[in-house]
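Data block below; observations after.
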2 protein chains.
Amino acid sequence: MKVVHYTPTDLKEAVEIIRDALTSKKLMIIYGCCHIFYEGRGASRLTSGDRVIIIKRDGSVLVHRPFGYSPVNWQPETTDISLNITSNELIIKAIRTTPREILEIRFSQIYSITHAILEDKGEFIEYLSEHEIRDYLSKNPSYIEEGLTTIDIEKHVEPGFIDLYCRDRNGNIVVIEIKRVTASRDAVLQLKRYIDSLKKYLPQERIRGLIVAPGISKSALELIERYKFEYKRIDIAQLYKSLRSKQRGRNLLYYITKKG
Amino acid sequence: MKVVHYTPTDLKEAVEIIRDALTSKKLMIIYGCCHIFYEGRGASRLTSGDRVIIIKRDGSVLVHRPFGYSPVNWQPETTDISLNITSNELIIKAIRTTPREILEIRFSQIYSITHAILEDKGEFIEYLSEHEIRDYLSKNPSYIEEGLTTIDIEKHVEPGFIDLYCRDRNGNIVVIEIKRVTASRDAVLQLKRYIDSLKKYLPQERIRGLIVAPGISKSALELIERYKFEYKRIDIAQLYKSLRSKQRGRNLLYYITKKG
DNA sequence: GGCTAAATCTCGTGC
DNA sequence: GCACGAGGTTTAGCC
C-alpha cells in the first residue's frame, strides 16, 4: 500500500487532489476545518470546527470529531459525491436516495489529505456469542440430551440468571450453564449458586446441574465431580454450521480456539 | 490545526511515533497492514490486510476496511490503550471493562501515521424530524387541542397515510397533517384527499381537517378557509425543549428555521 | 420495496 | 451499576 500525503496551500489546490482521489476510487482522509449540513430522515447542522473526514471508494462518508466512537455525521455507501468550490469554501456533497438524504461538508480550510488504495482480502471470522448459542440450544434442547425440554430461558433466581432451565425425560429439573469458551471453575461455581438458590424453593425436586461448553478446565472438572454436576461438550463449529448455513458469504467452518 | 505526517521505515520507528501521539493525547490515524483479534460480548478475528485505524484522544479506537460505512472492529471511548512490539509485529491493545472487552491490532507493516490536535468547539444542532414531531404529538395530543385523543398514527387511507387520526372532545374525527416547516398549499391538498377518501367510508361522521405546522403560507391559508379546515400553529423550539429537556449537553434552544 | 428481528448495537436517563 | 427507551439506529433475512 502506498499512502500519498498532501498539505494543500489553498482550497484550489485541495479541490484538485480530492477530485483525483475520488475519480481514482481511493480511500481518502481529510483533516480540515468545516461546517456541516445534513438533511434527510433527520436534520442537523454542525458549526465550524476541526474534523477528520473519511471518504471510501464505495462512496461512504464519515465525519469524525476529536472525541467519541461514532461519527457526528455520515453517509452510507450508496452515495453520489459531488465537489465544488466557491471563493472561500470547498464543498463536498454526498447524496443518496431511498431515503433521500443530503450530507454537505463545507471546508474553510484543509490541512491535510492522505489517500491510498487499500489491499484488504482479509477474512472476517465472527464466532458465536453465548447469546446465540443459548437461543439455539433452547430451541434444540435435544442437541444437549435426548428428551430434554426447555422450560425457561434466562430464568431469574436470586444469584442471577439461569441460561437454560429444562426438564429431562425423567421429569427432573435441569439447570444449564452455557459457556462459549472452555468452561472454568467460575462457571461451575456459578451453576452451584443457582442450584443452591433453586433448592430452597423446590426442596422436593431432583435438580441436575449441567455445564454446556466446547471444553472444560481440569479444576472445573474436579468441581463438577465434587458437586455431582455433569458436563456436556458441544461442537461450536457444528453448531455454527446449523445456525449460519442459510447465510451467504460465510462459507467456511468456524472454530472457537481458546480463551484469549 | 497542525497535522504531522510520518512514513516510518520500520515498526521500531513507528512505535515511538505512536507512543508520543498517545501520551500527548492527539487524534491519530494509521494506515497499515494488520490482523485483528476481538474478544468480549462477541468474538472475532480479522486476518491480514490493509486498514485504516483511528485512535482518538479519549481512547476510542476504530478499524476501517476500504469499504463500508461501519468499522469492522472498534472500541468505545472508555479504554486503556497499550503498545508493544515484537520482532515482527507492532501490537496495539485497547481494553475496557464493563463489559470486559479486548481489541488487539497486530501490525506487520505501518505505511503512514498522521496525528493532530483538533480544535473543535462546533455546536451540533439537531432539528426535529417530522417523524419525531408526529410521535411526540401522538403521545401528547393535548398539545394540539384540549380533549383530543389519538386513535391512530399513520392511518392508511387510499391516497396515502394520515399523520394523526384523532377524536376531539365532542366525538368528531380529526384528521391531522403535520409539517416540520411552513405548510404549503400541497399540505392542504393532501389533507383534502385524505378527508375526501375517509368521507366515503364514514358518511355519518363529522370530520375535521387540521394542519399542524410552525407556519403557513398565504395560499395554504386561503385553501384552508375554502375547505373549512383549521390551522394550529406549533412552536418547534418549545416542542424541542419538551422532547430533549432530559438530555444533557444540549443546553441551548433549538429552532427550525426554514427548509435548507 | 416494506416489515421483522438482532446487534460487540450506541447513547442516553432514571432507579 | 443495571434496566429501559430511542436512534438519521444499522444490518440481515423474508415476503
Side-chain angles (χ1 to χ4, degrees), chain A residues 36-46 60-65 67-79 94-104 124-136 139 154 156 160-161 180 243-250 260, chain B residues 36-46 58 60-63 67-79 94-104 124-136 138-139 154 156 160-161 180 242-251 260:
Chain A
I36 293 161
F37 165 101
Y38 158 73
E39 188 106 7
R41 287 167 294 177
S44 71
R45 306 290 180 276
L46 178 60
S60 45
V61 180
L62 301 163
V63 181
H64 274 279
R65 305 188 77 172
F67 289 91
Y69 146 79
S70 60
V72 62
N73 281 111
W74 69 91
Q75 196 67 290
E77 56 220 75
T78 49
T79 51
I95 297 171
R96 72 158 168 166
T97 48
T98 63
R100 174 86 180 166
E101 290 189 301
I102 301 168
L103 178 65
E104 196 176 294
F124 186 69
I125 305 160
E126 208 183 346
Y127 301 105
L128 291 176
S129 67
E130 197 170 299
H131 190 98
E132 282 180 286
I133 299 170
R134 189 244 292 152
D135 284 358
Y136 177 81
K139 286 167 194 157
E154 290 284 296
H156 183 57
F161 292 87
R180 202 166 57 75
L243 253 163
R244 297 288 159 86
S245 57
K246 295 164 235 162
Q247 293 184 19
R248 65 170 188 79
R250 287 181 192 156
Chain B
I36 293 161
F37 165 102
Y38 158 73
E39 187 109 5
R41 287 166 293 178
S44 70
R45 305 290 180 274
L46 178 59
D58 59 357
S60 46
V61 180
L62 302 163
V63 181
F67 289 90
Y69 144 81
S70 60
V72 62
N73 282 111
W74 68 91
Q75 196 67 291
E77 57 219 77
T78 49
T79 51
I95 298 171
R96 71 158 168 166
T97 49
T98 63
R100 174 87 179 166
E101 289 191 302
I102 301 168
L103 178 65
E104 194 177 294
F124 186 69
I125 305 160
E126 207 183 345
Y127 301 104
L128 291 178
S129 66
E130 198 169 297
H131 188 99
E132 281 179 289
I133 298 171
R134 190 241 293 150
D135 284 357
Y136 177 81
S138 74
K139 287 168 193 156
E154 289 284 295
H156 184 59
F161 293 87
R180 194 171 69 77
S242 319
L243 254 164
R244 301 286 159 89
S245 57
K246 295 164 229 160
Q247 294 182 18
R248 64 167 192 83
R250 288 181 191 155
N251 47 359

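We use all heavy atoms of the structure for the numbers below, so side chains are in, but hydrogens, waters and symmetry mates are not. Keep in mind the model is a prediction, meaning the values are calculated, not measured. Lettering of chains follows the sequences in order, A, B, ..., and the numbering in each one begins at 1.
The two residues Val61(A) and Ala94(A) make their nearest non-hydrogen contact at CG2-CB, 3.9 Å. Taking both residues in full, the closest heavy atoms of Phe124(B) and Arg65(A) are given as CB-NH1, 4.0 Å, listed atom of the first, atom of the second, then distance. Considering all non-hydrogen atoms of both residues, Glu77(B) and Tyr69(A) come closest at OE1-N, 4.1 Å. Smallest separation of non-hydrogen atoms from Pro71(A) and His64(A): N-CE1, 3.5 Å.
Comparing Pro99(A) and Gly42(B) by the nucleotide of DNA chain C whose heavy atom lies nearest to each, the residue mapping closer to the 5' end is Pro99(A). Between Thr97(A) and Ser44(B), the residue whose closest nucleotide on DNA chain C is further toward the 5' end is Thr97(A).
The distance between atom CG of Asn73(A) and atom C1' of dT10(D), rounded to the nearest whole Å, is 16 Å. Atom CZ of Phe124(B) and atom C1' of dG7(D) are 12 Å apart (whole Å). Put simply, CD on Glu39(A) is 14 Å from P on dG8(D), counting in whole angstrom units.
With rounding to the nearest 0.5 Å, the separation of CZ in Arg134(A) from NZ in Lys139(A) is 10.0 Å. Once rounded to the nearest 0.5 Å, the distance linking CZ of Phe37(A) with CG of Asn73(A) reads 11.0 Å.
Classification of Arg45(A) and Glu104(A) as a salt-bridged pair fails, no side-chain N sitting under 4.0 Å from a carboxylate O.
As rounded to the nearest Å, dA12(D) and dG7(D) have P atoms that lie 23 Å from one another. Taking atom C1' in both dC9(C) and dA5(C), one finds a spacing of 13 Å when rounded to whole Å. Taking atom P on both nucleotides, dA6(C) is separated from dG8(D) by 22 Å, rounded to a whole Å.
In terms of phosphate contacts, Thr98(A) brings a side-chain nitrogen or oxygen within less than 4.0 Å of OP1 or OP2 of dG1(C).
Residues Trp74(B) and Leu103(B) fail the side-chain proximity criterion, which asks for heavy atoms closer than 4.5 Å.
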Could you list the protein-to-nucleotides 9-11 of chain C atom pairs, N/O on both sides, closer than 3.5 Å?
residue, atom, partner, partner atom, Å
dC9(C), OP1, Arg41(B), NH1, 3.3
dT10(C), OP1, Arg41(B), NH2, 3.1
dT10(C), OP1, Trp74(B), NE1, 3.2
dT10(C), OP2, Arg41(B), NH1, 2.7
dC11(C), OP1, Ser70(A), OG, 3.0

Please list, for nucleotides 3-6 of chain D, all pairs of protein and nucleotide N/O atoms separated by less than 3.5 Å.
none

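The backbone N or O of Glu101(B) sits less than 3.5 Å from a side-chain atom of Gln75(B), completing a donor-acceptor pair.
Below the 3.5 angstrom threshold, one finds a donor paired with an acceptor across the side chain of Gln75(A) and the base of dG8(D).
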